[in-house]
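Here is the structure we will look at.
Scope of the values below: all heavy atoms of this structure, side chains included, with no hydrogens, waters or symmetry mates.
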Amino acid sequence: MAGLRLGLLAAATVSLAILISPAVNAFARAQRPNVVLIQTDDQTLRDLRATWRTPSGTLKPVMPNTLSLIGNKGVTFDRYYSSLPLCGPSRATLLSGSYAHNDGIRGNSGTSGGWDGFRTHDIYSNNLAVWLQQAGYRTIHVGKFTNNYGSEAAPETRIPPGWDQWETSATDNSTREYYGYRLNVNGDIQGPFGESDYGPYWGLDDPRCPDLAPVGIVCNDSTDLAAIRASAQIAASPSRTPFYLQLDFGAPHGDSRPPIGPTPPTRYIDSAFDTALPRSPSFNEADISDKPSFLRDQAEPLTPNAISYLREEYRRTVETLRGVDDGVGRVLDALRGRGELSNTYVIFTSDNGFFRGEHRIERAKFLPYEPSIHLPLLIRGPGIKPRGHSPELVANIDLAPTILKIAAAKATRSLDGRNLAPFWRHRGRTTNRPILLESFFNSSNLDPAPPDDEPADPQPRHRAGGSSRGATASISAPIEDYLGVIAGRYKYVEYNTGDRELYDLKRDPDELINRIRAPRYARVQKAMV
């Protein structure tokens with residue numbers, strides 16, 4: 001792995017300084033565009049274009065607002081990746097413009113992960129929010145920030161540098177809980193919002209929330225409330241002052257309590273009951289003899305009970321994403337109502353993906369297969385022609401440099417990413433730049449259990465009766481260290497176990513055939529190492 005590390009660090013992590021002067025006059029500042037970045041949690045690329053089946057059998061898009069108001073009005077980057085598919089590192093990379101090995105945030109907890117890691121590394125005072133604030137932007141954060149930001153017993157009151165308006169989940173499980181959470185609102189702890197003792201059908205919002213809620217009815221669903229608060233901040237932003245709004249939904253991350261999966265807004269509960277679980281060619285993969293040893297040794301075929309479990313989780317994910325999509329529509333309406341939509345770049349993405357039976361991996365993420373790392377990225381804004389697609393290979397390291405360029409702001413540390421504007425101006429443009437893939441799960445101070453492991457004794461929801469999931473023969477994504485690279489159509493990965501994988505993503509997008517021992521790919525392998 002040492003040879004690969006040296007080669008990749010030379011090719012894929014060349015630091016790019018943003019050479020834009022922050023010295024602009026007041027008039028120029030007033031003319032600069034706003035930026036709204038909307039990020040979901042654990043949403044896959046497939047989820048973005050998923051459909052749900054109505055009781056009459058009609059298929060409808062899960063996220064029509066997101067697709068029509070952002071995707072169809074701008075550009076879709078078809079090859080967008082998270083370099084380390086885990087919440088804490090991915091969200092840090094978005095703010096730092098750097099790979100995890102450079103910004104120091106390698107996990108969800110401990111000295112190199114989550115909130116503790118974030119506030120003890122250089123990224124704490126050198127990140128996108130700080131740079132935008134220094135350039136005269138009003139910076140707003142709403143929703144989830146990073147893992148372990150506060151605890152139930154001691155909600156976090158500290159606010160990291162760079163944020164003018166801070167309305168952020170501040171308790172231990174606030175990355176997952178949909179009710180009973182607390183918010184840090186500019187240093188003041190507010191809440192709890194809703195009942196902490198809620199379940200699949202009790203302790204939830206009135207189904208008329210939020211738009212049709214009668215007078216006196218309080219709506220607390222975290223997905224809805226985040227969108228409402230973000231929209232209010234758009235309305236409250238001073239005129240002629242550019243703003244950066246980062247709206248981090250906790251959805252559709254699974255809830256930490258049964259039943260399995262996220263908790264949808266009440267109005268959408270059971271709406272996707274007749275929706276089938278998608279099954280790609282890699283679902284419950286028949287032959288995994290070419291996969292790494294830790295999968296070959298552990299991953300038995302999915303049992304019918306495990307598949308039922310995954311179907312239940314997927315249905316709840318679809319229902320929850322319908323709520324996220326409502327929030328996207330609300331935010332775009334707020335921009336339109338303020339007269340700022342034409343002068344605002346809106347970016348939609350996810351921090352990492354999720355496995356639902358691909359390669360016999362029952363759930364979670366961590367590993368560098370496509371369902372975990374290949375994510376949505378949609379951007380609309382001034383100068384971006386509608387209904388465009390870019391085939392360029394890009395990653396979450398590129399978001400900060402792109403936003404800095406938009407804002408005419410300057411970074412105070414070197415960046416690994418680059419500005420994406422040339423690729424939405426020239427849709428067919430491509431380069432040979434590779435993307436680094438990395439994992440530090442075994443070498444980082446992580447929680448003893450997988451950071452996003454399933455809750456104990458989940459109770460899948462059924463129309464009548466109910467049954468527990470019971471034991472399954474498949475596995476969650478194993479926590480393994482790896483180093484890899486995507487270059488052109490190829491993906492190459494080395495694991496700390498000594499296993500290696502090489503995939504031709506053009507011929508085999510589902511990664512069914514490991515080409516590591518194929519003679520015709522020997523030259524490709526040599527070039528990747």
Side-chain angles (χ1 to χ4, degrees), residues 31-40 43-50 61-82 94 97 128 132 137 140 227 230-231 234 237 242-249 321 324-351 353 374-409 417-431:
Q31 300 305 306
R32 284 182 293 169
N34 311 303
V35 180
V36 173
L37 187 144
I38 302 172
Q39 183 172 220
T40 54
Q43 180 180 353
T44 70
L45 180 61
R46 180 190 287 268
D47 291 342
L48 176 67
R49 300 189 182 278
V62 172
M63 306 196 76
N65 290 321
T66 307
L67 293 172
S68 64
L69 299 178
I70 306 179
N72 291 349
K73 297 294 185 180
V75 60
T76 298
F77 284 88
D78 293 323
R79 302 193 69 200
Y80 173 75
Y81 285 85
S82 174
L94 187 156
L128 179 62
L132 292 175
Y137 271 69
I140 308 159
S231 300
I234 292 172
S237 291
F243 61 83
Y244 171 72
L245 166 63
Q246 185 169 321
L247 170 55
D248 282 311
F249 286 109
L321 283 172
V324 169
D325 191 66
D326 288 347
V328 170
R330 185 181 295 275
V331 168
L332 272 289
D333 283 345
L335 290 168
R336 188 180 297 107
R338 184 64 191 272
E340 294 285 355
L341 184 56
S342 63
N343 191 42
T344 301
Y345 287 88
V346 182
I347 302 170
F348 181 88
T349 190
S350 174
D351 59 357
H374 192 177
L375 305 174
L377 178 62
L378 315 176
I379 307 177
R380 65 166 288 170
I384 302 181
K385 295 179 181 180
R387 296 182 181 275
H389 289 261
S390 170
E392 175 65 354
L393 184 62
V394 300
N396 50 353
I397 56 171
D398 298 322
L399 294 181
T402 301
I403 295 169
L404 290 172
K405 183 69 173 181
I406 289 170
R418 60 181 175 173
N419 172 29
L420 296 180
F423 302 100
W424 69 60
R425 295 194 188 104
H426 307 284
R427 302 290 173 83
R429 177 177 178 176
T430 59
T431 69

Is it the case that the side chain of [X] and the backbone of [Y] share a donor-acceptor pair, with hydrogens and angles ignored and the cut-off at 3.5 Å?
X	Y	value
R49	R46	no
S82	D351	yes
R338	I234	yes

Nearest 0.5 angstrom please: [X] [atom1] to [Y] [atom2], how far?
X	Y	atom1	atom2	answer
I347	Q246	CD1	CD	9.5 Å
I38	D325	CD1	CG	10.0 Å
D333	L341	CG	CG	9.0 Å
F348	T66	CZ	OG1	4.5 Å
T430	R79	OG1	CZ	9.5 Å
L94	I397	CG	CD1	11.5 Å

Nearest heavy atoms of [X] and [Y], plus distance in Å:
X	Y	value
L321	M63	O-CE, 4.0 Å
A227	G327	CB-CA, 3.4 Å
Y244	Y137	N-CD2, 3.9 Å
P61	P64	O-CD, 3.4 Å
P391	R427	CD-O, 3.0 Å
S231	A334	CB-CB, 3.8 Å

Are side-chain heavy atoms of [X] and [Y] found at a separation under 4.5 Å?
X	Y	value
Y80	N396	yes
V331	V346	no
V36	F243	yes
L332	N65	no

>> Please enumerate all residues that pass salt bridge (Lys or Arg N to Asp or Glu O under 4.0 Å) together with R330, with sequence neighbours excluded.
In response: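 Salt bridge (Lys or Arg N to Asp or Glu O under 4.0 Å) list for R330, sorted by chain: D211.
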>> side chain to side chain contact (heavy atoms under 4.5 Å, CB included) for L245 and N34? Distances and angles first, verdict last.
In response: CA-CA 8 Å; L245 166 63; N34 311 303; over 6 Å; no
>> Please list all pairs meeting ring-ring contact (aromatic ring centres under 6.0 Å, His included) that have one or both residues in residues 325-344, counting only residues at least two apart or in different chains.
In response: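 Found none.
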Just distance, no hydrogens or angles: give the donor-acceptor pairs under 3.5 Å from side chains in residues 375-390, sequence neighbours left out.
unit_1, atom_1, unit_2, atom_2, d
R380, NH1, L69, O, 2.8
H389, ND1, D78, OD1, 3.0
H389, ND1, D78, OD2, 3.2
S390, OG, E392, N, 3.3

> Looking at D398, T431, T402, which hits side chain to side chain donor-acceptor pair (under 3.5 Å) with R418?
Replying inline: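 Passing option: T431.
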> Which word best sums up how the rings of W424 and F77 line up, parallel for under 30°, tilted for 30 to 60°, or perpendicular for over 60°?
Replying inline: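 W424 vs F77 ring planes: perpendicular.
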